[in-house]
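Take a look at the structure below.
All values reported here derive from a predicted model rather than from experimental measurement.
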Amino acid sequence: MTTYIRQRGLLVKDQPVLVAVSGGADSVGLLDVLVRAGYQCIVAHCNFHLRGAESDRDEAFVRELCERMKVQLFVNHFDTLAYARAHEASVEVAARELRYAWFEEVAKENGCQAVAVAHHQNDQAETLLLNLKRGAGLRGLAGMRPKSANPMVPNGVPIVRPLLCTTRDYIEHYLQDKRHINWVVDSTNSDTSITRNAIREQLKTYSKSEIEHMAQTAEYMQGYADMLDGKDTREAGIAKLYEELREYNFAEIDKIYDALQKGEGGKIFTSKTHQATIKKGKLCVISV
């Protein structure tokens, strides 16, 4: 994950980062990795009071976790149902708007460089399938980006997603087998009347590689969207390079792109039909 953070330019170590922690495996894993990697973490926890005693259990768990890890914690209590009624919104939309607006406040008050959230490759796959069910164009298929604007405050502190490089299974393996850290489970995740939960259940039948490929597809679509918009991003660069090399059938275009950016002279990449070598900052392709 630290390599992914560095490659995508998500975080630096000399400024604090606000980490959204619900108490679930994903956010607990995110916090543990960032703290162990030396990032200056501050935690934000939302109590939406939607699940009775379970909501309070989650808050107590996060408080104990932060105390043990010696991380500063901010907690906010929301009347989510009242907000939903007042704004004629679903409970899910209300909770999303409340938390992202509050994250901006806490991040600004504490001079945070970003708000880190725990979306991972399974979430990315869910987003793709959800958008497909609704009908989507190129940008809908691009899914979530590693770094994006706060949906409630577009010009505010950015949102980063350091876990988009890994799967839910690996996060649980990391916590359970490597770090021996517990987490809490949101009982509403099993409610398949919620569309995203139903898609999550569907994804349980997918293999790890299938989920990774779906997440990779989203990243490719991000590149094509950026290329069409004339943006000079890593994703756009990879998309352009793919179009230039598509007839040669190279499998790791992203690695070729990164090697070119680093000027790794002499590095060789092969496909079934061609070989590519970096010479004097340029890519030379020959048939084999």
Side-chain angles (χ1 to χ4, degrees), residues 1-15 17 30 33-34 36-39 113-114 116 119-125 128 138-139 141-148 158-167 169-171 174 207-288:
M1 189 179 82
T2 53
T3 300
Y4 183 78
I5 290 172
R6 185 175 63 255
Q7 284 181 340
R8 301 303 192 276
L10 302 185
L11 298 170
V12 295
K13 291 187 177 180
D14 59 355
Q15 297 176 38
V17 53
L30 173 63
V33 169
L34 290 178
R36 285 169 57 81
Y39 291 96
Q113 59 181 305
H119 295 132
H120 45 71
Q121 289 183 341
N122 294 62
D123 294 319
Q124 186 73 290
L128 256 67
L138 177 59
R139 288 166 182 79
L141 296 178
M144 297 178 289
R145 290 177 178 263
K147 188 173 188 177
S148 63
I159 306 299
V160 297
R161 300 177 175 85
L163 296 184
L164 278 184
C165 60
T166 193
T167 63
D169 284 349
Y170 181 79
I171 295 167
Y174 170 82
S207 69
K208 180 176 180 289
S209 63
E210 287 172 330
I211 290 171
E212 289 172 339
H213 290 155
M214 292 176 72
Q216 184 67 68
T217 295
E219 194 166 318
Y220 287 150
M221 293 303 101
Q222 291 167 16
Y224 283 100
D226 286 351
M227 187 168 64
L228 288 173
D229 291 339
K231 294 180 180 177
D232 184 20
T233 64
R234 177 178 182 273
E235 291 76 16
I238 291 171
K240 291 176 184 176
L241 187 61
Y242 174 80
E243 290 301 320
E244 292 172 6
L245 300 178
R246 62 186 305 174
E247 65 184 285
Y248 305 124
N249 302 309
F250 288 104
E252 299 176 318
I253 301 296
D254 55 339
K255 291 184 179 180
I256 297 175
Y257 175 83
D258 289 336
L260 278 168
Q261 295 302 110
K262 294 175 184 176
E264 295 179 350
K267 195 145 191 179
I268 298 173
F269 300 88
T270 59
S271 70
K272 290 182 179 180
T273 57
H274 290 78
Q275 177 178 289
T277 308
I278 298 175
K279 295 181 180 179
K280 297 182 180 180
K282 294 185 178 180
L283 195 67
C284 302
V285 181
I286 60 172
S287 59
V288 293

Taking it one step at a time, do Leu164 and Gln124 satisfy side-chain contact (heavy atoms from CB on, under 4.5 Å)? CA-CA 7 Å; Leu164 278 184; Gln124 186 73 290; 4.1 Å; yes

What verdict does the side-chain contact (heavy atoms from CB on, under 4.5 Å) test give for Thr277 and Leu283, after you've listed the backbone C-alpha separation in whole Å, the side-chain angles of each residue and the deciding distance to 0.1 Å? CA-CA 6 Å; Thr277 308; Leu283 195 67; over 6 Å; no

Discussion item. If you apply the rule side-chain contact (heavy atoms from CB on, under 4.5 Å), what do you find for Leu245 with Ile256, and how did you get there?
Written reply: CA-CA 10 Å; Leu245 300 178; Ile256 297 175; 4.3 Å; yes

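Side-chain contact check for Gln121 versus Glu212: some heavy-atom pair is nearer than 4.5 Å. Counting heavy atoms from C-beta outward, Thr273 and Ser287 have side chains that stay 4.5 Å or more apart. The shortest side-chain heavy-atom distance between Ile171 and Thr167 does not fall under the 4.5 Å cut-off. Contact of the Asp258 side chain with the Arg234 side chain is registered, since non-hydrogen atoms from C-beta on lie closer than 4.5 Å. At a threshold of 4.5 Å between non-hydrogen side-chain atoms, the residues Val285 and Gln275 do not count as touching. Two residues are said to be in side-chain contact when any heavy atoms from C-beta on lie closer than 4.5 Å; Ile159 and Arg161 meet this criterion. Using a 4.5 Å heavy-atom threshold, the side chains of Leu141 and Thr217 count as separate. Annotation: side chain of Leu11 is in contact with side chain of Gln113 (closest heavy-atom distance under 4.5 Å).
Atom CE of Met227 is separated from atom CD of Gln222 by 13.5 Å, given to the nearest 0.5 angstrom. Residue Lys255 holds its NZ atom at 8.5 Å from CZ of Phe269, rounded to the nearest 0.5 Å. Separation of atoms OH (Tyr248) and OG (Ser271) is listed at 10.0 Å; rounding is to 0.5 Å. The CG atom of Leu241 sits 9.5 Å away from the CZ atom of Phe250 when rounded to the nearest 0.5 Å. Here the NZ-CZ distance, from Lys13 to Arg6, works out to 9.0 Å after rounding to the nearest 0.5 Å. One finds the OH atom of Tyr257 at 8.5 Å from the CD atom of Glu235 (value rounded to the nearest 0.5 Å).
Listed by chain and residue number, nothing satisfies the ring-ring contact (aromatic ring centres under 6.0 Å, His included) test with Tyr4 (two or more places apart in sequence, or in another chain). Applying the side-chain hydrogen bond (donor to acceptor under 3.5 Å, both in side chains) test to Glu243 and every residue at least two apart in sequence or in another chain returns Tyr224, Arg246. Applying the salt bridge (Lys or Arg N to Asp or Glu O under 4.0 Å) criterion to Lys240, with sequence neighbours excluded, gives no partner residue.
Of all non-hydrogen atoms in Leu34 and Ala116, the two that sit nearest each other are CD1-CB, 4.2 Å. Of all non-hydrogen atoms in Ala236 and Lys231, the two that sit nearest each other are CB-O, 3.3 Å. Residues Ile278 and Ala259 come closest through the heavy atom pair CD1-CB, 3.5 Å. Shortest non-hydrogen contact noted between Tyr39 and Ile5 is OH-CG2, 3.4 Å. Between Gly281 and Leu260 the shortest heavy-atom distance is O-CD2, 3.8 Å. Considering every non-hydrogen atom in both Val17 and Ala114, the closest pair reads CG2-O, 3.5 Å.
Taking 4.0 Å as the cut-off between side-chain N and carboxylate O, Glu219 and Arg8 count as a salt-bridged pair. Ion pairing between a basic and an acidic side chain is recognised when a charged N comes within 4.0 Å of a carboxylate O; Asp226 and Arg145 show such pairing.
Proximity of a side-chain donor or acceptor of Lys267 to a complementary backbone N or O of Ala276 within less than 3.5 Å is not detected. Side chain of Asp123 to backbone of His120: a donor-acceptor contact under 3.5 angstrom is found.
Within 6.0 Å of CG in Asp232 there are 12 or fewer heavy atoms belonging to other residues, nucleotides or ligands.
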